[in-house]
Amino acid sequence: MDEITFTHDLLDWYDANGRDLPWRQNPEPYAVWVSEIMAQQTQMDRVVGYYSRWMERFPDISTLARAREEDVLKMWEGLGYYSRARNMLKAAETVIQEYGGVFPAEFKTIQSLPGVGEYTAGAISSIAYGLPEPAVDANVLRVFSRVLDMEEPVRGKSGKGRVEKVVCSLIPPDRAGDFNQAIMELGALICSKRPKCDRCPVQGHCKAYMANTVHQRPVLPAPQKTIRINMVTGVLVHDGKILIQKRKPDDVWPGLWEFPGGSIEAGETPQQAVAREYMEEVELSIMPEKKITTVTYTYTKYRVTMHCYLCRLDQAYREPVFNEAVEGGFVLPEVLEEYAFPAGHRRLVEYMKSAEYFDTLS
DNA sequence: CAGACGTGGCC
DNA sequence: TGGCCAAGTCT
């Protein structure tokens, strides 16, 4: 591979074919940081809408630093990996308190911010500050596993180290950010899972292409198996209001809101499970009155089938005791919009709205 | 270091 | 449909 030609061919292609993403017009540190955190484990096409809404709500880092976690999570609702949002809030507070409100410009300092790892620090350093740092993400690993025709697992320490070294040797000092973005753009648009080698600007530099091994690269570890689980949730209606609770820290979906519920245990019917969960979680005796719908969703390695029931109190009214939540209460259906729910529960809310469940509560 | 952490889209 | 995958980080 001729380094100079490779970089030149790649940048020419990027200049002509790079997507017009909103933060590329003015890559200032805050905008780049926001976009890079949102892009972690997320496809760019999904990021754009969230990015625009975020920048409208939190236009600069001091506005973000002053925000409530509740509002930050609401802006993140549906994107997943919510620790990213909570870490951004922490990082914003750090920048205000420790760095006088100025986003740090040094690789090590950038990486020390919560939620910013090696990749993201490299991306911000190069894109916002023009520093010649590598930014090696899954795209970059895939591209170079093919360019170098790597037989070793590219995610392993040695494989990743090899790619980093090559990237460092290729970065043009005057266009470090563009180079890093160009490799990722190539990985996203051309050198993807189903590669489009006929349109590749660096085809002539690609060892796997020449060896006809493109489809065997990258060499990846065996994937995790998905685990199927059955769960229940209950929408408890009392006096025209609905019970919701806020999930605890150090659990899945920390800080997000939900309807009480849980796993169906062996030998249990879904209805029994709802009643048991209500007793355990909020110490209320309830009656599952009507099956609303079944929502299926996946999170990490789980595929969840969630049976959803409309419930009534089976006892005189009394205050719920939140054993499995930091707080909770009965709210009017129209304000459910204001709370951040995990995707499965959000879909249940949307279903109930569309089926006009909320029009007849009493 | 392996496992946890979300979600929607694709084939 | 079910498994794979996407601009990773943290513990």
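Numbered from 1 within each chain, the chains take letters A, B, ... in sequence-line order.
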Gap in Å between the two [atom1] atoms, one belonging to [N] and one to [M], rounded:
{"N": "B:dC11", "M": "C:dA7", "atom1": "P", "value": "15 Å"}
{"N": "C:dT1", "M": "B:dG8", "atom1": "C1'", "value": "16 Å"}
{"N": "B:dG6", "M": "C:dA6", "atom1": "C1'", "value": "12 Å"}

Aromatic ring proximity A:Tyr50/A:Trp76, centre distance under 6.0 Å: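 No.
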Aromatic centroids of A:Tyr302 and A:Tyr297 separated by under 6.0 Å: no
Taking any heavy-atom pair under 4.0 Å as a contact, classify [X]: base, sugar-phosphate, or nothing.
{"X": "A:Arg24", "value": "base"}
{"X": "A:Val47", "value": "nothing"}
{"X": "A:Thr226", "value": "sugar-phosphate"}
{"X": "A:Val116", "value": "sugar-phosphate"}
{"X": "A:Ala123", "value": "nothing"}

Can a salt bridge be assigned to the pair [X] and [Y] using a cut-off of 4.0 Å between side-chain N and carboxylate O?
{"X": "A:Lys353", "Y": "A:Glu337", "value": "yes"}
{"X": "A:Asp71", "Y": "A:Arg68", "value": "yes"}
{"X": "A:Lys160", "Y": "A:Glu118", "value": "yes"}
{"X": "A:Lys246", "Y": "A:Glu258", "value": "no"}
{"X": "A:Lys74", "Y": "A:Glu77", "value": "yes"}
{"X": "A:Arg24", "Y": "A:Glu185", "value": "yes"}

Spacing between [X] atom [atom1] and [N] atom [atom2], to the nearest angstrom:
{"X": "A:Ile37", "N": "B:dT7", "atom1": "CD1", "atom2": "P", "result": "18 Å"}
{"X": "A:Trp76", "N": "B:dT7", "atom1": "CH2", "atom2": "P", "result": "13 Å"}
{"X": "A:Trp33", "N": "C:dG8", "atom1": "CH2", "atom2": "P", "result": "17 Å"}
{"X": "A:Gln41", "N": "C:dA6", "atom1": "CD", "atom2": "C1'", "result": "6 Å"}
{"X": "A:Arg84", "N": "B:dA4", "atom1": "CZ", "atom2": "P", "result": "19 Å"}
{"X": "A:Asn87", "N": "B:dA4", "atom1": "CG", "atom2": "P", "result": "19 Å"}
{"X": "A:Asp251", "N": "B:dC5", "atom1": "CG", "atom2": "C1'", "result": "11 Å"}
{"X": "A:Tyr297", "N": "B:dG8", "atom1": "OH", "atom2": "C1'", "result": "15 Å"}

Pairwise 5' ranking along DNA chain C for A:Arg19 and A:Gly115, keeping only the more 5' one: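 Result: A:Arg19.
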Along DNA chain C (nearest heavy atom to each residue), the more 5'-positioned of A:Gln40 and A:Lys225: A:Lys225
Using only side-chain N and O atoms of [X], determine if any of them is under 4.0 Å from OP1 or OP2 of [N].
{"X": "A:Arg142", "N": "C:dA7", "result": "yes"}
{"X": "A:Thr42", "N": "C:dA6", "result": "no"}
{"X": "A:Arg346", "N": "B:dT7", "result": "no"}
{"X": "A:Trp253", "N": "B:dA4", "result": "no"}
{"X": "A:Thr298", "N": "B:dG8", "result": "no"}
{"X": "A:Lys301", "N": "B:dG3", "result": "no"}

Can you figure out which of [options] approaches the side chain of [X] most closely?
{"X": "A:Arg228", "options": "C:dC5, C:dG3, C:dT9", "value": "C:dG3"}
{"X": "A:Leu21", "options": "B:dG6, C:dA7, B:dG8", "value": "C:dA7"}
{"X": "A:Arg303", "options": "C:dG2, B:dG6, C:dA7", "value": "C:dG2"}
{"X": "A:Leu220", "options": "C:dT9, B:dC5, C:dC5", "value": "C:dC5"}
{"X": "A:Arg347", "options": "B:dC5, B:dG8, C:dA7", "value": "B:dG8"}
{"X": "A:Asn139", "options": "C:dC5, B:dT7, C:dA7", "value": "C:dA7"}

Side-chain-base donor-acceptor pair under 3.5 Å for A:Tyr81 and B:dG6: yes
Cation over ring face, A:Arg276 and A:Tyr278, 6.0 Å, 45°: no
Residues within residues 183-198 of chain A bordering DNA chain C, heavy-atom distance below 4.0 Å: A:Met184, A:Glu185, A:Ala188, A:Lys193
Test item: side-chain donor near acceptor, A:Gln97 and A:Tyr99, under 3.5 Å: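 Looking only at side-chain atoms, A:Tyr99 and A:Gln97 do not form any donor-acceptor pair under 3.5 Å.
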Toward the 5' end of DNA chain B, by each residue's nearest nucleotide, A:Lys157 or A:Pro254: A:Lys157
